[in-house]
Amino acid sequence: MKIAVENIKPTIGSIVRVDRSALLTDEVAQRCLELLDDRGVLVFPRIGLSDKEQLAFTDKLGARVNFTNRVPGGDSATQGVYTITLDPKINTEPEYVLGTYFWHMDGMTSPIPPPKASVLSARKVAAKGGQTEFASTFAAYQALPEEDKADIAKLRVMHTVVAAVREVATPESLDPQRRAMKHERPLVWTRKSGRKSMLIGYTADEVVGMSHAEGRALLARLLEWTAQQEFTYRHQWSEGDLVVWDNCGALHRVIPYATDSGRTMHRTSVAGVEAAT
Ligand code: OGA
Ligand code: MN
C-alpha cells in the first residue's frame, strides 16, 4: 500500500501522503479510519480532490450526513458539499461562518449522533489568516487531574445555536428555526471502545442543574485547558489540501480572515454511529 504517515505532535495530527488514485481503495480508507481514531487529525497535503472525489472518500469513511439545512454555493450535482465562504454574493448568513472563529464541534446542536468526522478541502486560501486549529479533547481529558475527571463525570450540557454565535450575532437577528436549535449531551462522552472525550466548545451553553455562572465558568475552564499548545495543531492551508478530523475527539476553529479574501473551503461530513444522548 502506497501510504506514508508522519506524526505532527505526540497528542494530535498526522500527515498522510498517498496517491490520489489510491485514496478510494478499501485498504487505504480502512487505514485512514484507524489513523483517524488514533491521531484525531489527518492532513493530505495538496491531494487536490474534486467534489466528486471528496464525496466518494467521505462515503468510504461512513454514511454521509448533511446537517446544514441551507447550503450556500451548493448545486445539485454535489449535494452534501457545503461551501464555506464569507463572500456576500454566495453566503447571505455570514454569522454561521463567523461563528467558526471560535472553538467548536460540528453538528452538536442537532438531534443526531455527533458527526464522526468532518472533511475539509481548500479551494482558495486567504492571503492572511484562515488557518484552521484543532485541539484534542481525548488528550486533554486524559491529562485532566483525577479530581476534575470525577467532578465532571456525570454532568450534562445544553448545546445551542444561540451560544455558538454569541460573539457575532444577537439571538433576535437569527432565523427563528436556527434560534430554537438546542440539544443536550453528556459532557464526558465515553465511546464503545472505552475512550473518553469531552463535548465542549462554543455551542456549550449551560451545564444542566448548575447556575449559569458556575456552568459557564466550568465550560470556559475546560475549553482553556483543552486549547493548550500540547493538545493543539494549527493547519496552514495550501490549495488542494484535504484535512479530515475526528469531530468528537477534536475541537476546531479558524483564524479570522477577511470577507474579501476569497477564502473558499468545501466541507463534507460523516455521520456518527455512536449516539451521545
Ligand atoms: C465549519 C468550520 C473551519 C474552516 O465550517 O464548521 O469550522 O477552516 N470551518 O473554515
Ligand atoms: Mn466547524
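Computation of the quantities below employed the complete heavy-atom set of this structure, encompassing side-chain atoms and omitting hydrogens, waters and symmetry-equivalent molecules. Counting starts at 1 for both ligands and their atoms, in listed order. Nothing here was measured: the structure is a model prediction, and the numbers come from that model.
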(request) Taking the six-membered ring of Y96 (Phe, Tyr or Trp), confirm whether the NZ or CZ of R178 is under 6.0 Å from its centre and within 45° of its axis. (result) yes

(request) Give me the one residue out of I152, V188, L187 that meets side chain to side chain contact (heavy atoms under 4.5 Å, CB included) with I200. (result) L187

(message) Quick check on contacts: which atoms of ligand 1 are under 4.0 angstrom from a heavy atom of T100?
(response) 1 (C), 2 (C), 5 (O), 6 (O), 7 (O)

(request) Assess R253 for proximity to ligand 1: is some non-hydrogen atom of it under 4.0 Å away? (result) no

(request) Taking only Lys NZ, Arg NE, NH1 and NH2, and the carboxylate oxygens of Asp or Glu, determine whether D246 and R191 approach each other closer than 4.0 Å. (result) yes

(request) Indicate the ring-plane relationship of Y101 and Y257, choosing parallel, tilted or perpendicular according to the 30° and 60° boundaries. (result) perpendicular

(message) I'd like to know whether ligand 1 has H104 as a neighbour, heavy-atom separation below 4.0 Å.
(response) yes

(request) Considering the heavy atoms of T132, write down every atom of ligand 1 situated less than 4.0 Å from one of them. (result) 4 (C), 8 (O)

(request) Taking only heavy atoms of R263 into account, list the atoms of ligand 1 that are under 4.0 Å away from them. (result) 4 (C), 8 (O), 10 (O)

(request) Report the relative orientation of the aromatic rings in W245 and H252; use parallel for angles under 30°, tilted for 30 to 60°, perpendicular for over 60°. (result) tilted

(message) Under 4.0 Å from a heavy atom of V254: which atoms of ligand 1 are those, numbered in the order shown and with their elements?
(response) 4 (C), 8 (O)

(request) Anything under 30° is parallel, anything over 60° is perpendicular, the rest tilted; go ahead and classify W237 against H235. (result) perpendicular

(request) Flag D106 as yes when one of its N or O atoms lies below 3.5 Å from any N or O atom of ligand 1, and as no otherwise. (result) yes

(message) Between N247 and P115 (side chain of the first, backbone of the second, donor and acceptor by atom type, cut-off under 3.5 Å), is there such a pair?
(response) yes

(message) What's the separation between atom CD in Q236 and atom OG1 in T132, rounded to the nearest 0.5 Å?
(response) 9.5 Å

(message) Tell me the protein heavy atom at minimum distance from atom 9 (N) of ligand 1, and give that distance in Å.
(response) I84 CD1, 3.8 Å

(message) With carbon and hydrogen excluded and only N/O/S kept, which atom of D106 is nearest the Mn ion (ligand 2)?
(response) OD1

(message) R267 versus ligand 1: do any nitrogen or oxygen atoms come within less than 3.5 Å of each other?
(response) yes

(request) Ignoring hydrogens, just give me the one of T264, L120, T83 whose non-hydrogen atom is nearest atom 3 (C) of ligand 1. (result) L120

